Novice: 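Supplied in structure tokens, the structure appears directly below.
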Amino acid sequence: MPKKLPGSKDIPPAGVTWKPATEYRTGDWRSKRPIRDEEKCTRCLTCWIFCPDAAISWDGQDIHFDLNYCKGCGICAEECPVNCIEMEDE
Ligand code: SF4
Ligand code: SF4
């Protein structure tokens, strides 16, 4: 009989990582990178809020993508209210 794979209920609750996301360079995994249209961008920071890897920073005037940590998930592009981020193949 095949071994049953663990499901979500088998994983202990409140699992934690011992380092923040910025301790792991995830950029090497990326197959797509975010490209922003700077003219269209309104600097609303929605992408900054949603990025799960803290790969988007704000310097007070503009946003910046840190490709050392961006893993190319495309959430920023999905959430951008003016659709000014395109995901481009690496
Ligand atoms: S969500 Fe879109 S418009 Fe807003 S700051 Fe990010 S790229 Fe610019
Ligand atoms: S593609 Fe994903 S990881 Fe990269 S900047 Fe956008 S939301 Fe962050």
Side-chain angles (χ1 to χ4, degrees):
M1 190 159 148
K3 191 177 170 204
K4 184 177 173 283
L5 293 172
S8 61
K9 290 182 181 162
D10 302 314
I11 299 170
V16 293
T17 63
W18 55 93
K19 290 180 181 177
T22 50
E23 294 276 330
Y24 301 97
R25 293 195 171 209
T26 54
D28 288 349
W29 310 346
R30 194 179 54 248
S31 59
K32 288 181 180 283
R33 67 170 59 198
I35 304 293
R36 178 180 56 128
D37 181 337
E38 293 181 19
E39 297 294 317
K40 211 170 157 189
C41 174
T42 62
R43 279 74 177 171
C44 69
L45 299 184
T46 302
C47 55
W48 176 78
I49 292 167
F50 276 91
C51 176
D53 285 292
I56 302 173
S57 59
W58 169 249
D59 67 7
Q61 294 195 319
D62 210 350
I63 63 163
H64 305 277
F65 295 96
D66 187 339
L67 296 178
N68 284 321
Y69 299 105
C70 166
K71 64 177 185 288
C73 65
I75 291 174
C76 54
E78 282 292 319
E79 297 297 336
C80 174
V82 296
N83 295 318
C84 72
I85 301 175
E86 293 284 334
M87 298 304 292
E88 186 177 85
D89 287 345
E90 287 288 350

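Note that the structure is a prediction, hence the values are computed from the model and not measured. Just so you know, residue 1 is the first one in the sequence shown, and it goes up from there. Each ligand, and each atom within it, is numbered from 1 in the order the structure gives.
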Novice: For the atom pair CG (Leu45) and CD1 (Ile63), what is the distance rounded to the nearest 0.5 Å?
Specialist: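 Output value for this atom pair is 7.5 Å.
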
Novice: Hey, which atoms in ligand 2 end up nearer than 4.0 Å to a heavy atom of Met87?
Specialist: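 Selected atoms, number and element: 1 (S).
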
Novice: Applying side chain to side chain contact (heavy atoms under 4.5 Å, CB included), can you list everything that pairs with Cys70, at least two apart in sequence or on another chain?
Specialist: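 If we apply the side chain to side chain contact (heavy atoms under 4.5 Å, CB included) test to Cys70, skipping adjacent residues, the hits are Arg30, Pro34, Ala55, Leu67.
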
Novice: Before giving the answer on side-chain contact (heavy atoms from CB on, under 4.5 Å), spell out for Cys76 and Phe65 the whole-Å C-alpha distance, their side-chain angles and the decisive distance to 0.1 Å.
Specialist: CA-CA 10 Å; Cys76 54; Phe65 295 96; 4.2 Å; yes

Novice: Tell me which protein heavy atom sits closest to atom 3 (S) of ligand 2, plus the residue, atom name and distance to 0.1 Å.
Specialist: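 Answer, as residue, atom name and distance: Lys71 N, 3.5 Å.
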
Novice: Atoms of ligand 2 less than 4.0 Å from Cys51 heavy atoms?
Specialist: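 Under 4.0 Å from Cys51, ligand 2 has these atoms: 3 (S), 5 (S), 7 (S), 8 (Fe).
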
Novice: Within this structure, what is the CE-OG distance for the pair Met87 and Ser31, rounded to the nearest 0.5 Å?
Specialist: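 One finds 8.0 Å between CE of Met87 and OG of Ser31.
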
Novice: If you measure from each heavy atom of Lys32 to ligand 2, is any distance below 4.0 Å?
Specialist: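 It does not; every heavy atom stays at 4.0 Å or beyond.
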
Novice: What's the separation between atom CD1 in Ile85 and atom CZ in Arg36, rounded to the nearest 0.5 Å?
Specialist: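 Spacing of CD1 (Ile85) from CZ (Arg36) equals 7.5 Å.
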
Novice: When you measure from atom 4 (Fe) of ligand 2 to every protein heavy atom, which one gives the shortest distance, and what is it?
Specialist: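 Result: Cys70 SG, 2.4 Å.
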
Novice: Under a 4.0 angstrom heavy-atom cut-off, which atoms of ligand 2 come close to Gly74?
Specialist: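 Ligand 2 atoms under the 4.0 Å threshold to Gly74: 1 (S), 2 (Fe).
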
Novice: Name all residues meeting the salt bridge (charged side-chain N to carboxylate O under 4.0 Å, His left out) criterion together with Asp37; count only those two or more places apart in sequence or in a different chain, and write none if there are none.
Specialist: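 Partners of Asp37 by the salt bridge (charged side-chain N to carboxylate O under 4.0 Å, His left out) criterion come out as none, since no residue qualifies.
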
Novice: Are Trp58 and Ile75 connected in the hydrophobic side-chain network, where two residues link if heavy atoms are under 4.5 Å apart?
Specialist: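 The answer is yes; both residues are in one hydrophobic cluster.
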
Novice: For ligand 2, indicate whether the residue Phe65 contacts it via side chain, backbone, both or neither (heavy-atom separation under 4.0 Å).
Specialist: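 Side chain only.
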
Novice: State the atoms of ligand 2, each with its element, that fall below the 4.0 Å cut-off from a heavy-atom position in Gly72.
Specialist: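 Reading through ligand 2 atom by atom, the close ones are 1 (S), 4 (Fe).
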
Novice: Could Glu88 and Arg33 be called an ion pair, given the rule that one side-chain N must be under 4.0 Å from one carboxylate O?
Specialist: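 Salt bridge: no.
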
Novice: To the nearest 0.1 Å, how far is atom 2 (Fe) of ligand 2 from its closest protein heavy atom, and which atom is that?
Specialist: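 Sorting protein heavy atoms by distance from atom 2 (Fe) of ligand 2 puts Cys73 SG, 2.3 Å first.
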
Novice: Quick check on contacts: which atoms of ligand 2 are under 4.0 angstrom from a heavy atom of Ile56?
Specialist: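 Taking each heavy atom of Ile56 in turn, ligand 2 has 5 (S) under 4.0 Å.
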
Novice: What are the two closest heavy atoms between Cys47 and Ile56, and how far apart are they?
Specialist: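 Shortest heavy-atom contact: O-CD1, 3.5 Å.
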
Novice: Say whether Ala77 and ligand 2 are in contact under the criterion: heavy-atom distance to a ligand atom below 4.0 Å.
Specialist: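 Ala77 does not count as a contact of ligand 2 under the 4.0 Å cut-off.
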
Novice: Please identify which atoms of ligand 1 are closer than 4.0 Å to at least one heavy atom of Arg43.
Specialist: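 In order of number, 5 (S), 8 (Fe).
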
Novice: Which pairs pass side chain to side chain donor-acceptor pair (under 3.5 Å) with one or both residues in residues 40-51, sequence neighbours excluded?
Specialist: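 Only Arg43-Asp62 qualify under side chain to side chain donor-acceptor pair (under 3.5 Å).
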
Novice: Spell out the protein N/O/S atoms under 2.8 Å from atom 2 (Fe) of ligand 1 as residue plus atom name.
Specialist: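 For atom 2 (Fe) of ligand 1, the protein N, O and S atoms that sit under 2.8 Å away are Cys80 SG.
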
Novice: One residue to check: Arg33. Relative to ligand 2, which of side chain, backbone, both or neither has a non-hydrogen atom less than 4.0 Å away?
Specialist: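 Looking at Arg33 and ligand 2, no heavy atom falls under 4.0 Å.
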
Novice: Give the numbers and elements of all ligand 1 atoms closer than 4.0 Å to a heavy atom of Leu45.
Specialist: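 Matching atoms, with element in brackets: 4 (Fe), 5 (S).
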
Novice: Should we say atom CD of Glu78 is surrounded by more than 12 heavy atoms from elsewhere, each under 6.0 Å from it?
Specialist: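 No, the 6.0 Å shell around CD holds no more than 12 heavy atoms from other groups.
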
Novice: Considering the heavy atoms of Pro52, write down every atom of ligand 2 situated less than 4.0 Å from one of them.
Specialist: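 Matching atoms, with element in brackets: 7 (S).
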
